[in-house]
Amino acid sequence: MQKDKLDLLISKNEIEKVLDKLAHLLNADYQKKNVIIVSILKGSFLFSADLVRKLHFNFIIDFVRLSSYHNLKESTGTVTLTKDIECDIAGKHVLILEEILDSGMTLDFLLKRFAANDPLSVKICVLLDKKEKRRIPIHADYVGIEIEDKFVVGYGLDYQEKYRNLPDIYHLK
Ligand code: IMP
Ligand code: MG
């Protein structure tokens with residue numbers, strides 16, 4: 001069996017600094033608002049857990065589980081929802097947390113779904129943005145780091161369910 005080759009791309013120290021930057025912006029924008037944070041599983045679990053511990057405003061956190069990769073390195077183009085949020089977003093400010101924005105299919109799917117439920121606002125915060133890969137013009141309001149079109153793993157991101165637990169982010173060759 002061939003072994004995967006991993007090259008360090010973003011260290012855990014860099015991730016920590018990026019989270020501080022994002023938290024600073026979010027703390028300024030979301031004071032005294034009715035906020036629902038929606039974390040997209042599975043990939044965003046570490047990003048969300050670390051980021052929310054740096055936030056100093058009141059919010060409810062909820063989760064959706066969406067997938068489109070189905071163990072491949074490219075999106076299949078069909079987004080499947082296997083777990084929906086459990087709260088009502090009507091009249092609330094929704095902040096979506098996603099670890100990586102790639103083709104835009106996942107967020108496009110979620111934005112359309114949420115728009116039907118009358119939120120006051122919906123914004124997107126991503127840790128990584130692979131701009132070159134966009135197939136749908138989705139724009140993230142808060143972006144941690146822009147990266148090249150490379151397949152990455154670690155810090156929640158997987159390849160065939162492997163490597164989610166790595167503390168740093170690696171390029172998988
Ligand atoms: P999009 O729908 O193509 O924007 O992709 C969003 C989802 O695809 C992300 O939430 C990840 O779960 C997955 N994904 C995109 N790029 C990568 C990558 O480089 N490594 C691992 N998963 C990725
Ligand atoms: Mg994801």
Side-chain angles (χ1 to χ4, degrees), residues 2-12 14-16 18-19 21-23 26 36-52 61-86 89 94-116 119 122-173:
Q2 219 192 331
K3 257 194 123 199
D4 296 332
K5 189 172 179 306
L6 303 184
D7 283 346
L8 182 67
L9 193 66
I10 308 164
S11 70
K12 62 178 184 217
E14 286 172 80
I15 296 172
E16 174 80 22
V18 170
L19 295 189
K21 175 189 85 173
L22 291 172
L26 295 169
I36 298 188
I37 292 180
V38 177
S39 164
I40 307 182
L41 297 173
K42 297 180 189 175
S44 299
F45 79 115
L46 293 181
F47 171 49
S48 303
D50 287 344
L51 183 65
V52 298
I61 186 154
D62 207 338
F63 302 88
V64 281
R65 164 103 170 93
L66 294 169
S67 63
S68 63
Y69 268 56
H70 310 296
N71 287 340
L72 306 170
K73 278 195 189 173
E74 288 283 332
S75 170
T76 57
T78 16
V79 180
T80 323
L81 177 126
T82 52
K83 190 223 166 290
D84 207 348
I85 52 168
E86 291 160 22
I89 60 170
V94 177
L95 176 65
I96 300 172
L97 301 184
E98 170 71 311
E99 80 291 356
I100 188 165
L101 172 52
D102 188 42
S103 71
M105 311 274 296
T106 303
L107 284 167
D108 181 61
F109 176 93
L110 201 58
L111 290 177
K112 285 183 179 144
R113 217 180 146 81
F114 284 173
V122 181
K123 287 195 176 179
I124 298 169
C125 173
V126 297
L127 177 63
L128 306 175
D129 189 357
K130 267 194 218 171
K131 277 219 164 108
E132 287 167 47
K133 283 287 287 290
R134 209 75 93 247
R135 280 197 263 162
I136 300 181
I138 296 289
H139 163 83
D141 303 278
Y142 306 90
V143 176
I145 312 172
E146 277 185 31
I147 60 165
E148 290 171 46
D149 177 14
K150 285 182 171 177
F151 192 82
V152 292
V153 295
Y155 198 64
L157 291 143
D158 74 307
Y159 175 55
Q160 298 184 337
E161 294 300 325
K162 281 189 292 185
Y163 308 121
R164 290 195 197 274
N165 58 320
L166 299 178
D168 315 273
I169 295 173
Y170 295 82
H171 170 212
L172 177 84
K173 287 201 169 151

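We count ligands from 1, going down the list as the structure has it; atoms in each ligand are counted the same way. Remember, predicted model here, so these are calculated numbers, not experimental data.
- The only member of I145, I147, L128 that meets side-chain contact (heavy atoms from CB on, under 4.5 Å) when paired with I169 is L128.
- Using a 4.0 Å cut-off between a side-chain N of Lys or Arg and a carboxylate O of Asp or Glu, D108 and R135 do not qualify as a salt bridge.
- When each atom of ligand 1 is checked for a heavy atom of E98 under 4.0 Å away, the hits are 6 (C), 9 (C), 10 (O).
- Screening I37, D141, L95, V52 for a side-chain contact (heavy atoms from CB on, under 4.5 Å) with L26, the sole residue that qualifies is L95.
- Without hydrogens or angle criteria, K21 side chain to G144 main chain gives a donor-acceptor distance under 3.5 Å.
- Put simply, part of K150 is less than 4.0 Å from ligand 1, judged by heavy atoms.
- Ligand 1 has S103 within reach: a non-hydrogen atom of the residue lies less than 4.0 Å from it.
- D168 and K12 are not joined by a salt bridge, as no carboxylate oxygen comes within less than 4.0 angstrom of a charged side-chain nitrogen.
- In terms of N/O distances under 3.5 Å, ligand 1 is approached by V152.
- The shortest N/O to N/O separation between G104 and ligand 1 falls below 3.5 Å.
- The contact set between ligand 1 and L157, taken as ligand atoms under 4.0 Å from a residue heavy atom, comprises 20 (N), 21 (C), 22 (N).
- Between I100 and ligand 1 there is a heavy-atom distance shorter than 4.0 Å.
- Taking distance alone, with nitrogen or oxygen atoms compared against 3.5 Å, S68 stays at or beyond that limit from ligand 1.
- Using a 4.0 angstrom heavy-atom cutoff, D158 counts as in contact with ligand 1.
- Applying the 4.0 Å criterion to heavy atoms of E99 picks out, from ligand 1, the atoms 9 (C), 10 (O), 11 (C), 12 (O).
- Side-chain contact, Y155 with N165: no donor N or O sits under 3.5 Å from an acceptor N or O.
- Residue contacts with ligand 1 leave out K133, since none of its heavy atoms falls under 4.0 Å from the ligand.
- Close contacts of ligand 1 with K130, meaning ligand atoms under 4.0 Å from a residue heavy atom, involve 16 (N), 17 (C), 18 (C), 19 (O).
- No option in R134, K133, K131 other than K131 meets the salt bridge (Lys or Arg N to Asp or Glu O under 4.0 Å) test with E146.
- Counting heavy atoms of neighbouring residues, nucleotides and ligands inside a 6.0 Å radius, atom NZ of K83 exceeds 12 of them.
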